[in-house]
Amino acid sequence: MAALSLPFYENHDTLTLAQRLLGCELVHDSPAGRTAGIIVETEGYLTGDPACHAYRRATKRNAAMFGPAGTLYVYQIYNHYHCINVVTGPEGVGEAVLIRALQPTDGLALMEARRNEAFTTGFERYRNNTIDASTPEGFRNLCNGPGKLVIAMGISRADHNFSSLVSGPVSIQEPVLTDFEMITTTRIGIKFGADLPYRYYIKGNRFVSKK
DNA sequence: ACACAGATTGAG
DNA sequence: TCAATCTGTGTC
C-alpha cells in the first residue's frame with residue numbers, strides 16, 4: 001500500500017480529483033492508534049462557484065484552501081462539527097474536495113470510542129447515545145457523514161488544518177476499491193450553486209451519507 | 001451538521 | 001406485520 005504522491009494532487013483538476021479519490025483509503029496514524037476508511041462520497045468546490053468558501057476572498061478561515069494541492073483544509077460548521085477537504089489546484093487558487101463519507105476499514109473500536117466520547121461531551125440531549133460498531137447499524141453510522149467521519153478519524157482543526165496529505169499523519173492511499181459505478185449528482189446542504197453536479201459517490205455503497 | 005419522530009415503503 | 005427508508009423538525 002502506497003500513499004498518493006504529490007504529483008497526483010498537482011496534476012488533476014478539482015472535479016477529476018473528486019472522482020479519482022473515490023475508492024482510495026483515508027488513513028490517520030494518531031497517537032491513540034490507526035484508523036482508516038475508503039472514501040465513498042465526495043464533493044468538488046471550485047473558484048467562481050458560489051458555494052465555495054473561497055468564492056470571495058482569502059480569509060483566516062479559508063486560508064488553507066489557497067495552499068498547495070494535497071494539503072488538508074479543516075473547517076468548523078454550525079459552531080459544532082468539523083468537515084475535511086483535500087485542497088486542490090495550484091497554490092493561490094482556492095479549490096478543494098470535501099470528503100463526505102467513509103467505509104471504515106481499520107481501527108473500528110477506536111472510531112466507536114471517539115464517536116461515543118463525542119456524545120458524552122456533546123449536546124446535553126445526546127449524552128445517553130452510544131454506537132456499537134459490531135452491529136450492522138453501528139458500523140454503518142460510524143463515518144456516513146462529513147461531521148461523523150472527522151470525529152471517528154480523530155481529526156481536528158487545531159491539529160490538522162494545513163496538514164500535508166503527503167508527509168503528515170493523515171494520508172490518502174492508492175485505490176483499494178476500483179470495481180464500482182459512480183453516481184454524479186448535486187451537492188448537499190448548500191444554498192448557492194445547488195444545481196451544479198459536483199457530488200460523486202459509489203453506487204450502492206451502504207456507507208454513503210443519506211440525503 | 002447530527003439525531004429523532006412520524007410517515008411511507010416493501011419484503012414475506 | 002416488521003424492518004428499512006424517507007421527510008420534516010429541532011438544536012448550536
Side-chain angles (χ1 to χ4, degrees), chain A residues 18 21-22 26 28 35 37-45 49-55 59-62 64-65 72-87 94 96-104 107-108 110-161 163 170 180-181 183-196 198-211:
Chain A
L21 288 175
L22 292 178
L26 182 71
H28 182 199
T35 49
I38 301 166
I39 297 168
V40 299
E41 178 182 358
T42 61
E43 288 178 0
Y45 287 88
D49 164 10
C52 181
H53 285 182
Y55 179 54
T59 65
K60 192 175 178 182
R61 176 177 81 143
N62 67 22
M65 283 188 92
L72 214 48
Y73 167 45
V74 186
Y75 69 89
Q76 191 175 25
I77 189 163
Y78 298 129
N79 291 322
H80 186 76
Y81 298 100
H82 290 82
C83 296
I84 52 169
N85 296 65
V86 176
V87 175
V97 174
L98 172 66
I99 310 292
R100 281 195 54 90
L102 302 176
Q103 174 177 336
L108 280 285
L110 181 53
M111 288 187 180
E112 176 187 301
R114 283 170 172 155
R115 290 294 317 281
N116 289 334
E117 168 70 13
F119 280 128
T120 63
T121 59
F123 301 137
E124 187 79 29
R125 65 191 170 287
Y126 296 148
R127 282 192 183 163
N128 292 325
N129 288 14
T130 52
I131 286 182
D132 181 356
S134 68
T135 69
E137 260 309 288
F139 185 30
R140 194 172 70 89
N141 283 325
L142 234 28
C143 294
N144 62 340
K148 294 177 181 181
L149 95 241
V150 166
I151 294 169
M153 292 292 286
I155 294 172
S156 70
R157 188 171 121 96
D159 292 338
H160 303 100
N161 197 27
S163 176
V170 179
F180 59 82
E181 279 185 68
I183 301 289
T184 302
T185 181
T186 53
R187 297 171 294 184
I188 291 178
I190 56 171
K191 195 170 166 185
F192 301 105
D195 55 328
L196 297 169
Y198 296 165
R199 174 172 175 243
Y200 311 95
Y201 65 88
I202 292 177
K203 182 179 180 181
N205 189 286
R206 286 184 56 78
F207 300 89
V208 171
S209 71
K210 293 304 159 194
K211 198 166 182 179

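Note that this is a predicted model, so its numbers are computed, not measured. Because only heavy atoms are used, hydrogens play no part in the values below, and waters and symmetry mates are left out as well, while side chains stay in. Every chain is numbered from 1 and lettered A, B, ... according to where its sequence line falls, protein lines coming before strand lines.
- Listed by chain and residue number, nothing satisfies the ring-ring contact (aromatic ring centres under 6.0 Å, His included) test with Tyr81(A) (two or more places apart in sequence, or in another chain).
- By the side-chain contact (heavy atoms from CB on, under 4.5 Å) test, Arg127(A) pairs with Glu124(A), sequence neighbours left out.
- Every residue meeting the side-chain contact (heavy atoms from CB on, under 4.5 Å) condition with Thr130(A), not counting sequence neighbours, appears here in chain and number order: Asn116(A).
- What separates NE2 of His53(A) from C1' of dA1(B) is a distance of 12 Å, to the nearest Å.
- Residues that satisfy the ring-ring contact (aromatic ring centres under 6.0 Å, His included) test with Phe207(A), not counting sequence neighbours, are Phe139(A).
- Between Val87(A) and Leu72(A), the shortest heavy-atom contact is CG2-C, 4.3 Å.
- Residues satisfying the salt bridge (charged side-chain N to carboxylate O under 4.0 Å, His left out) test with Glu41(A), not counting sequence neighbours, are Arg100(A), Arg199(A).
- Going from atom CG of Asn79(A) over to atom P of dA1(B) covers 14 Å, rounded to whole Å.
- The separation between His82(A) atom NE2 and dA1(B) atom C1' is 12 Å, rounded to whole Å.
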Using a 4.0 Å heavy-atom cut-off to protein, can you give one letter per nucleotide of nucleotides 2-12 of chain B, 5' to 3': B if the base is in contact, S if only the sugar-phosphate is, - if neither? BSS--------
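- Across the protein-nucleic acid pair, His80(A) atom NE2 and dC12(C) atom P stand 10 Å apart, rounded to whole Å.
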